[in-house]
Structures are given as structure tokens and as C-alpha cells.
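All values derive from a computational prediction rather than experimental measurement. Residue numbering restarts at 1 for every chain, and letters A, B, ... go by the order of the sequence lines.
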Amino acid sequence: MVLTGFFFYLFAAITVASAFLVIAARNPVHSVFFLILAFFNSAGLFMLVGAEFLALLLVVVYVGAVAVLFLFVVMMLDVDFAELRQGFLQYLPIGALIAVILVLELILVLGATAFDAEVALETGMPMPPIEEISNIEAIGLVLYTDYVYFFQAAGLVLLVAMVGAIVLTLRHREGIKRQDINVQNARTPDTSIEVVKVKSGQGL
Amino acid sequence: MLQPALPDLMPALPEIVLAVGAMVMLMLGVFRKGDTTNLITGLAIGLFIVALILTVLAPSGMTMNGAFVMDEFARTMKILIFAAAAIALSLGVDFVAREGYGRFELPVLIVLATLGMGMMVSATTLIALYLGLELMSLALYVTAAINRDSTRASEAGLKYFVLGALSSGMLLYGASLVYGFTGHTEFGPIADVLQAGGVSTGVIFGLVFILAGLVFKISAVPFHMWTPDVYEGSPTPITAFFAAAPKIAAMALLVRIAVDAFEPATREWQQVLTFVAIASMVLGAFAAIGQRNIKRLMAYSSIGHMGFALVGLAAGTQAGVQGVVVYMAIYAAMTLGTFAIILSMRRPGGMVEEIDELSGLSKTNPLQAFFLAMLLFSLAGIPPLAGFFAKYFVFLAAIEAELYVLAVIGVLASVVGAVYYLRIIKIMYFDEPVEGFVPAAIELRTVTTAAGLFVIFFVLVAGPITGWADRAAASLF
């Protein structure tokens, strides 16, 4: 128990610290690295509560795909982040003030009401007990049966995203060399080799 | 422990047909040689008609493990949505061909957006609600920017996307609060928990965030800022689509979630919707006066109309919901008719969008001017045209629910709003004629005539339509 508590505070502290450094780091590449660190530690937190599927998903999807994509964008696009951040300090006090007011309001309103004990039990334990069945198996049992509608709907949303990305960015340009297997296969020595007699001492 | 059984798919048949059809059209468009825009557009319109017939025939009932419902309300709203989508798509055929950015993806995206709308209308859980809404919105963001060589269209798409993502975030935050405080995502059980345990502050917080997310989609004040820019920047047929179908779907969703899930919290959402309705009516009336671009004017007009429709929902009664259904049906007809005329505003040099270009239309094209005048009178709510009855039903419901202040402000706003509609009529009938427009395409003339006749002779069909809306409203209560 003590060990779990220790790891919880370790992961939580590193997550919060690296999340802060994401916005504080001067170099955008460092920001992305801190983001990856935050993801890894959040995955550790998930692991502690026994949600190993979510933990692995976080590492695979966020670290493996999203963060690397960010890194690509940051490194390939010539974005002047220093310039983007010019007005940042100027607006910081106002933004902070609004955030503080919002947080105070939320605490005032939500602090008075607690989650219903029965509800907490139900939402906290929607799955079969972890001892009986692993996370992934539990999700697999319902994902394609009870929740097949949501699964298919999410698939359609992704299809729209893909079609949209292609519609808005793909341009067919003329005069680019494209690979055409048929043309390649149809090549014979006659069509591609030209025998030239070169006179000695003159060159082509 | 598992008993794999296919859910009863019949109630969801229209959506399934749309989904499969969209994918077939996508494959056709990708693999067929040559320009397939017209073929795919025709197929999409045919698909909407098939879906419409199936919607009429599909049996009522719940399916997909209680996540999808087909009742009279869903049926009515879906018929309106599919019809509006088919008409909006046909309005664009001539425009797309002339402006030269024919792309087969456009009808496919519109079909997918309409599929999302169908899912929204039939949603009975917060997850289905969000997925349907997101499917619709994502497709709409892309269609707004479909003319990617125009900076204004790209700006419209980007603005819509950024603000839409923000509203989705708010909606999700609200949904998570509601789930946390009630322990359910299904509408029925949420209502049961609220009935039994009372409405806690946390649930109200969640409710307000969900309402904010949905109000954004119908572009009511205070979440309307994107509307004029998106309407102006998007290609006109897309704007016509935006103004009709998504509004019906989002309004239907708003009605369903308010009445089905948050019925015990009626007093709470009534306050929110009353404020939104008043603010939208007033802003719609005053902000439109200074507009010179007819698409921007229609944007403010639609903001105002959403305010009027919300008056019915704010009443929170069956009569109010009936009023909303009638209002949305009439609004869709008026909007599509007006946009058909806006799409006919074409000089040999290209499309024009300024209101002054309509100067003296009564001399150059008397029939078009007459129908536009009728549609504008109807939008202003002058009896005996359709728009008057739309307003009559929602205000009647508000009076019956003793929301006198709301009703009085609504009537005053509609008087102010009449000013800018009458100004266009004055420009058409009393100003010096300018060069006429090129003859409009046949589909534009058909839609104009049909919508014009509908608003003029609405009195004759008012009985069946209100009865139909009444059955739809009754299925929710």
C-alpha cells in the first residue's frame, strides 16, 4: 500500500511538473518532449488503478502517434514561436483572473454537492471485478456487442475525417512523374536501350 | 454468457441505407474514370428519397441496445431533414457546374452529415448524441471550406471548425458532469434519477454546458458569432444546406434532451432557453437592419428564427413542442425558397450577393420578384402566410405557459425584424431597375415556385400539418 502511494505521488508530481514545463519551455521541441513525459506518467497512473488497457493505449496512441506528429510539425514548419508568444505575458493577468474566478465558482457550486454514494459505486465499477476478468477482455466483451452502434458510428466519424483531409489538401498536379507498373513491365531492351556508336576522341 | 444476436435493424433502416449508400458513392467516385460529380449528386438525391420513404415505412421502436429510437417525433423530424437535404443538394447542381469546382466528395459529405443528423434525432443516450453531432459537424466543417481556392471559404471553414470544436468540448464536459452526478448516460434513467433524487447543482451545471453546446449548433445568441461569417464565406448552396437541415436536427435534439432526459429539471432549462430565445430574437431583429449582403442578412434572419422556435420549447409543454415542429417545417421551406432565389442572382459576370442588386426586380422578372416578396412577407410573419402561423403556434404555447414577457418581447422583435424584409421588397418594387439576371436553372425555379406556393396556400394544408406535428409532440410526452 505504501509503495502504491509512493508511486502515485511520484507519477502525479512528474505529470504536473512536466505539464507545466510544456507551456513554460522556451524551445518548442523541449515542449513536445515534456508532453511525452507527461503522457508516460499518466500511463503509469492508469497502471496503478489497474486500467492497463488505457495505459497502453495512452502510450501507443498519444506517445506513438500524436506526440511524434507534433514533433514533426514543430521541426518541419518554420513557426516563430517566440513571436507567437509576444502578447502572451500581456494577456496573462486577465486570463489568470478569469481562470481563478471560474475555478472559485466551480468550487463554490460543486463543493457543496457530493457525488451520490450509490452513483459513485455504479460509475466507479461499471466493469466486472478486475480479479475475475482482465480489462481488455471486459472491453472486448461489450465493444462489438452492446456498443456496436457506437463503434460503427465512431468509424463513420473517422471516415469523414479522412475524406475531409483528402478533399481539402490533395491536389492533382500535372507533370509529375508517377509510377505506372504496366508501363514498367512493358519495357523491353528495344525501347529502353539505345546503342550509339561513339567516334573515338570526340565523345557524344 | 454471450448470446450474439443481431439487434432489430428495421427502425434504423434509413440510417443504414444512408451509411452504406455513402460508402458505395465514395467507391464509385474514387474508381470511376472521368468527372463523376453529376452522377454522384444524382445518386445522393435518390438516396435521400429512398431514405425518406424508408423513414415513413420504418417501424417504431428502440434498437441498438437502447441507443437508437424511432418514434413519431424522430420520424417527423427525419422526414423534414431528408427532404431539406435533398432540396439543398439539388439547388447546388447548376451552381457547382458553373463555378467549376465540381467534386464528387461534396454530395458524399452531405449524405454523411445527414446521416449524423438522423442519428442525432434518434439518440437516446449521451454517447449516441455526441457521435451523431460530431459526424454531422465534421462533415459540415469540410463542406464549408470545399471551395479551397477561395480564402473566404477557407476562413469560414476554419472559423466554423475552431468554434465548433470549442462547443463540442463544452457539450462533452456537460455530459461527463451529468454522467457523474446521475450515473447514467441514457436519457430515460437520467430522468428517473432526477425524479427520485431531485436536481442537484452538479446536474444543473452539466445541463447548462450541454445546452450551450447544442445552442451553438442552432446558432442562437450568445453562441451565434460564427454564423454570419460562415454563411457569407461558404458557397451559397452549402449555406442553404447549413440554414435548413442541421438546424432542424439540432433543434430536434434540443427538444428531445430537454423533454426526455431533463423533464424533472424543466424549471431550470426553461430559464436558460427563455434567455437564449429573447437574446436571439432581439439580436436577429436589430443586427440584420444594417446588412448589405443578402447571405449575411439571411444569417441574422436565421438567428432570429431560432429564437422564435425556442419560444415554443421554452414553454415546455406539448403544445410548445408541436409549435417547434411546425416552426421548423415552415422555416425550412421559407429558407430553401429564399436561397433558391439568392442562387438565381447571377449576372453574366458571375454571382452577386448585394441586396441592391435586386433593385427593380419586379420589372425585369415579375414572377421571381413576386415569390421572393411572398417568402419575405412570410419570414416577417405577416398573415395569412405560413410564417405567421409558425409564430402564432409558438407564441400561443408561450401564453398558455404564462410566459407573457417572452411572448411580448417576441412579438415586438418580429415587428422590428419586419423592417429589413420590407426594405428588400421596397428595393425590388420601387427602385430603378438595373440589368436583369440571367435565366435561372430549372431546379431553382421549381424550388422557388414550390416554396412560394407553400407559404401562400399554407392555410389550406395547416390542418394536416399541425395534426402531424401534434402526433410527433405527443410521442415525447
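- Looking at every heavy atom in both residues, A:F150 comes nearest to B:A67 through CZ-CB, 3.6 Å.
- Within a 6.0 Å radius of CZ in A:F11, more than 12 heavy atoms belonging to other residues, nucleotides or ligands are found.
- For B:I204, no part lies under 4.5 angstrom from a heavy atom of chain A.
- Put simply, OG1 on B:T125 and OH on A:Y149 are 8.0 Å apart, with the number rounded to the nearest 0.5 Å.
- Ranking B:I146, B:I127, B:L138 against chain A, the residue ahead of the rest is B:I127, based on heavy-atom pairs under 4.5 Å.
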*Is there a side-chain contact (heavy atoms from CB on, under 4.5 Å) between A:R171 and B:D149 once you walk through the steps?*
CA-CA 11 Å; A:R171 283 170 200 275; B:D149 298 322; 3.1 Å; yes
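- In this structure, B:R152 places its CZ atom where more than 12 heavy-atom neighbours from other residues, nucleotides or ligands lie under 6.0 Å away.
- Only the side chain of B:A19 comes within contact range of chain A, judged by heavy atoms closer than 4.5 Å.
- Of the atoms belonging to B:L26, it is side-chain heavy atoms, and not backbone ones, that fall under 4.5 Å from chain A.
- Interatomic distance, CG of A:L156 versus CG of B:L135, reported as 6.0 Å (0.5 Å rounding).
- Using a 4.5 Å cut-off between heavy atoms, A:L159 touches chain B through its side chain atoms alone.
- In this structure, A:Q152 CD and B:M64 CE are separated by 9.0 Å, a value rounded to the nearest 0.5 Å.
- For B:M23, the part lying under 4.5 angstrom from a heavy atom of chain A is the side chain only.
- Heavy-atom distances place the side chain of A:V163, and not its backbone, under 4.5 Å from chain B.
- Between chain A and the options B:M119, B:E134, B:M136, heavy-atom pairs under 4.5 Å are most frequent for B:M119.
- Of the atoms belonging to B:L131, heavy atoms from both backbone and side chain fall under 4.5 Å from chain A.
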